**Q** 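Okay, here's the structure, questions in a sec.
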Amino acid sequence: MEMNFEELLGKITDFIQSEAKTDTVIGEQFKLGEFTCVPVIKVGIGFGSGGGTGDAPKTGKGGGGGAGAGMGIEPIGFLVTRDEQISFMDVGKSKGISAAFEKVPDLVEKFLKKTSTEQPASV
């Protein structure tokens, strides 16, 4: 069996492009009052391959090959914007997507308190 590694890598790359997005993992950005919240994810990818040929004692031929890949996707926080201000809100050590969504109200509340206590710069 002959394996075309370039074709395989192309298919894997296409899969990653279509699946490793915040909209497919967490969801699309959303509005919460005057705030826009954009989910942020971390993606880790690993690839490995190997192959070889040799002489088998009885047949005079031999060969083998293999490939593997792994991918991990994790929600890490939200970019929160209001007017021209932007902040990153870390979701901390979450236990999946549901934990990230559970923290959204608290994160927005903290952001509101922080921005309401800040004084505008004098011009």
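These figures come from a predicted structure and were not determined experimentally.
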**Q** From the options F30, F88, F35, select the one residue that forms a side chain to side chain contact (heavy atoms under 4.5 Å, CB included) with F78.
**A**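 Going through the options one by one, the only one that passes is F30.
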
**Q** Going hydrophobic residue to hydrophobic residue with side-chain gaps under 4.5 angstrom, can you get from M89 over to V40?
**A**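 No, M89 and V40 fall in different hydrophobic clusters.
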
**Q** What are the two closest non-hydrogen atoms of C37 and V80, and how far apart are they?
**A**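 Smallest heavy-atom distance, with atoms named: SG-CG2, 4.3 Å.
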
**Q** My understanding is that only residues two or more places apart in sequence, or in another chain, count here; which of them pass side-chain contact (heavy atoms from CB on, under 4.5 Å) with I86?
**A** L79, T81

**Q** According to a 4.5 Å side-chain heavy-atom criterion applied to Ile, Leu, Val, Met, Phe, Trp and Tyr, with indirect links allowed, do I76 and V38 form part of one hydrophobic cluster?
**A** yes

**Q** Can you pull the salt bridge (Lys or Arg N to Asp or Glu O under 4.0 Å) pairs that have at least one residue in residues 34-50, sequence neighbours excluded?
**A** E34-R82, K42-E74

**Q** Determine all donor-acceptor pairs shorter than 3.5 Å in which one atom belongs to a side chain in residues 66-73; sequence neighbours excluded.
**A**
none

